[in-house]
Asks: 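Pasting in a structure now, in structure tokens, and then I'll have a few things to ask.
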Number of protein chains: 2
Amino acid sequence: MGVPANQRATDSSAGDPKAGDSKAACSKALDTKQRILEAAEALFVERGFSGASLRAVTGAAGVNLAAVHYHFGSKEGLLHALLDQHVGPINQDRLERLLRLEAASAPAAPSAEAVLRAFIEPALMRERGRDPQRVRSLLGRIYGEPPHLVGPLVEREFGALGRRFVEALERSLPQLPRDELRWRFQFVVGALLYVISGNAGLALQFGPELGRASTEELVELLLGFVEAGIGAPARASRAEGTE
Amino acid sequence: MGVPANQRATDSSAGDPKAGDSKAACSKALDTKQRILEAAEALFVERGFSGASLRAVTGAAGVNLAAVHYHFGSKEGLLHALLDQHVGPINQDRLERLLRLEAASAPAAPSAEAVLRAFIEPALMRERGRDPQRVRSLLGRIYGEPPHLVGPLVEREFGALGRRFVEALERSLPQLPRDELRWRFQFVVGALLYVISGNAGLALQFGPELGRASTEELVELLLGFVEAGIGAPARASRAEGTE
DNA sequence: CACAGAATCAAACGGTCGTTTGAAAGATTG
DNA sequence: CAATCTTTCAAACGACCGTTTGATTCTGTG
């Protein structure tokens with residue numbers, strides 16, 4: 001009795017012990033787990049990670065408070081599971097699109113526009129059947145958390161993929177200094193995250209008229225902006241020694 | 001005894017009652033107030049508003065816990081005072097530059113590049129004698145807080161100014177549809193805020209090499225990006241009725 | 001049915017939070 | 001000095017936090 005699943009908090013082995021178990025002894029367990037994830041998603045987006053208490057999460061999910069620690073080990077474990085479920089597929093989609101692009105353009109590099117589209121579209125388009133705004137906002141809100149919490153998370157969920165896209169963009173724009181391109185990629189990420197975490201300070205600045213853009217329109221608007229920005233002529237020889 | 005300054009929390013009248021008082025009965029009071037503000041600035045940046053406790057703030061400042069409520073009325077009052085002290089001057093600088101630009105360009109509108117520079121430079125350059133990174137990061141970190149907290153704050157500190165800059169940009173780029181320009185301005189704000197709140201997930205993505213850019217270089221890099229982005233050709237007639 | 005393991009539950013743990021209180025200390029004016 | 005106001009202080013308030021516990025219920029197997 002006691003602590004069957006809690007070692008997941010310190011156990012870094014991949015795979016869900018319950019999903020990997022062939023015995024289907026989890027009729028209500030999966031329901032509880034999923035309900036916690038959905039409630040946590042909504043509340044983390046609404047109030048942030050620190051601002052959403054586990055009592056609020058479990059209360060909204062209609063499950064017991066201790067269920068979080070039983071299934072996820074801790075509050076941070078819940079956040080990890082949430083990110084694995086949501087931004088994992090987004091990043092996988094991004095990577096697949098990038099690989100397909102690179103394969104299609106033969107030995108040449110794909111255009112920067114195509115690479116940016118592969119980076120941005122999955123983040124904004126993946127609707128998952130629910131309210132798309134909610135899904136998209138999670139990542140944006142997480143980025144706003146204090147660095148000591150968000151740092152390892154970002155590296156874990158996004159680090160390798162971000163570097164991979166920068167490498168692709170370097171091949172698409174070989175004439176651009178490397179560090180200038182990296183900064184510009186950061187600007188792209190910033191604009192994207194600001195749009196993703198959007199509902200906060202934007203719509204209230206000009207009234208609801210701004211929120212009217214559909215997801216597809218928004219993708220095109222953002223892409224038009226960042227394509228022009230990342231393809232802008234390089235600043236005059238600002239500093240040598242790009243390393 | 002009791003509550004002489006606490007009404008500041010609900011009192012929205014401008015001006016500091018102590019600064020306006022001609023009697024200089026505040027030898028240690030201003031020290032305490034300023035020390036609280038500096039400690040709060042550092043801790044809010046480091047851990048966020050929700051993550052930084054008043055006990056940590058007053059402990060770092062070396063003052064009594066109750067001093068915060070005596071001088072600022074509440075934790076939110078402290079945040080308001082912090083923003084008034086820091087982003088107030090930044091926005092004032094922005095507005096002065098914009099007005100000077102508009103006056104200098106006679107009846108014609110100033111260029112979008114100049115307007116963007118007036119918007120971005122004060123946010124990145126104002127060093128105030130201290131660690132510039134710390135000053136800059138506050139606003140970025142605040143933006144990551146939950147909407148119900150950050151919403152009124154953003155409108156109060158930034159709303160009118162943001163609308164004013166959008167109007168100026170509309171005159172600089174009359175051929176661009178109004179809502180497309182407004183979205184692009186949001187992208188600019190996003191990129192700027194991401195850079196401002198920077199140290200979080202960016203430098204650790206490529207190692208410290210990225211953090212090497214000086215403030216002046218960073219301004220030029222960001223300006224090159226957003227100038228190209230906001231001046232990109234408009235998307236084909238996407239929707240009529242710009243209202 | 002008996003029995004193991006998985007899952008849920010109410011209750012409490014120690015701790016920290018923002019805020020309040022009322023008295024002590026300091027400064028200012030007559 | 002005495003009176004009055006401003007400022008500081010230690011201590012506590014009630015509430016909420018993440019986490020743990022141990023019993024209880026549910027579920028599927030032999």
Side-chain angles (χ1 to χ4, degrees), chain A residues 1-10 16-36 40 43-44 47-80 146 149, chain B residues 1-10 16-36 40 43-44 47-80 145 149:
Chain A
M1 52 179 139
V3 288
N6 285 12
Q7 79 278 6
R8 254 180 57 83
T10 59
D16 191 345
K18 276 152 226 73
D21 209 346
S22 58
K23 321 172 194 171
C26 36
S27 64
K28 291 182 62 178
L30 279 187
D31 277 359
T32 298
K33 216 170 167 180
Q34 199 58 35
R35 214 157 12 162
I36 291 175
L43 284 170
F44 286 174
R47 310 188 203 174
F49 178 74
S50 323
S53 72
L54 288 184
R55 283 173 175 82
V57 169
T58 54
V63 305
N64 189 270
L65 173 61
V68 170
H69 297 85
Y70 178 78
H71 287 288
F72 303 102
S74 69
K75 194 184 182 185
E76 275 202 43
L78 172 59
L79 179 59
H80 276 103
L149 194 155
Chain B
M1 52 176 147
V3 288
N6 283 13
Q7 78 279 6
R8 254 179 59 82
T10 57
D16 190 344
K18 277 154 224 70
D21 211 343
S22 58
K23 320 171 196 172
C26 36
S27 63
K28 290 183 64 179
L30 278 186
D31 278 358
T32 298
K33 216 170 167 179
Q34 197 59 35
R35 215 154 15 160
I36 292 176
L43 284 170
F44 284 175
R47 311 188 203 174
F49 178 74
S50 322
S53 70
L54 288 184
R55 282 171 176 81
V57 169
T58 53
V63 305
N64 190 271
L65 172 63
V68 170
H69 296 85
Y70 178 76
H71 286 289
F72 303 101
S74 71
K75 193 184 182 185
E76 276 201 42
L78 172 58
L79 179 60
H80 275 102
E145 297 287 333
L149 193 154

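Reminder, nothing fancy here: chain letters follow the sequence lines and each chain counts from 1. These numbers come from the heavy atoms of this one structure, side chains and all, not from hydrogens, waters or symmetry mates. Because the structure is a prediction, the values reported are computed rather than measured.
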Asks: Within the structure, does a side-chain N or O atom of B:T32 lie under 4.0 Å from either OP1 or OP2 of D:dT8?
Replies: yes

Asks: Please work out if A:A52 contacts a base, only the sugar-phosphate, or nothing of the nucleic acid, heavy-atom cut-off 4.0 Å.
Replies: sugar-phosphate

Asks: B:D31 has an atom CG; how far is it from atom C1' of D:dT7, in whole Å?
Replies: 12 Å

Asks: What is the distance, to the nearest angstrom, from the CG atom on A:L65 to the C1' atom on D:dG18?
Replies: 8 Å

Asks: So if I take every side-chain heavy atom of A:H69 and compare against C:dT8, D:dG18, D:dT8, which nucleotide ends up nearest?
Replies: D:dG18

Asks: For D:dC16, take OP1 and OP2 only and decide whether either is under 4.0 Å from a side-chain N or O of A:S53.
Replies: no

Asks: Nearest whole Å is fine: how far is C:dC17 C1' from B:R47 CZ?
Replies: 13 Å

Asks: For A:L43 and D:dC17, give me the distance from atom CG to atom P, rounded to whole Å.
Replies: 11 Å

Asks: Over how many whole Å does the gap from B:I36 atom CD1 to D:dC9 atom C1' extend?
Replies: 13 Å

Asks: Closest-nucleotide mapping onto DNA chain D: is A:A56 or A:A66 further toward the 5' terminus? I mean the 5' end.
Replies: A:A56

Asks: Where the side chain of A:N64 is concerned, which of D:dT7, C:dA10, C:dT19 is the nearest nucleotide?
Replies: C:dA10

Asks: Determine the minimum heavy-atom distance between A:H69 and A:L65, stating which atoms define it.
Replies: ND1-O, 4.2 Å

Asks: Could you report the tightest heavy-atom contact between B:L78 and B:F44, atom names first, then the distance?
Replies: CD2-CZ, 4.2 Å

Asks: What is the minimum heavy-atom distance between B:A56 and B:R47, and which atoms define it?
Replies: CB-NH1, 4.1 Å

Asks: Between atom CG of A:L43 and atom CD1 of A:I36, what is the distance when rounded to the nearest 0.5 Å?
Replies: 12.0 Å

Asks: Tell me the interatomic distance from B:R55, atom CZ, to C:dC17, atom P, rounded to whole angstroms.
Replies: 6 Å

Asks: Show the nearest heavy-atom pair for residues B:K75 and B:F49, with the distance to one decimal.
Replies: NZ-O, 2.8 Å

Asks: Rounded to whole angstroms, how far apart are CZ on B:R35 and C1' on D:dT7?
Replies: 13 Å

Asks: To the nearest angstrom, how far is B:Y70 atom OH from C:dT21 atom P?
Replies: 15 Å

Asks: Which nucleotide sits closest to the side chain of A:L54: D:dG18, D:dT7, C:dT19?
Replies: D:dG18

Asks: Using the closest heavy atom to pick a nucleotide of DNA chain C for each, name whichever of A:G62 or B:K75 lands nearer the 5' end.
Replies: A:G62

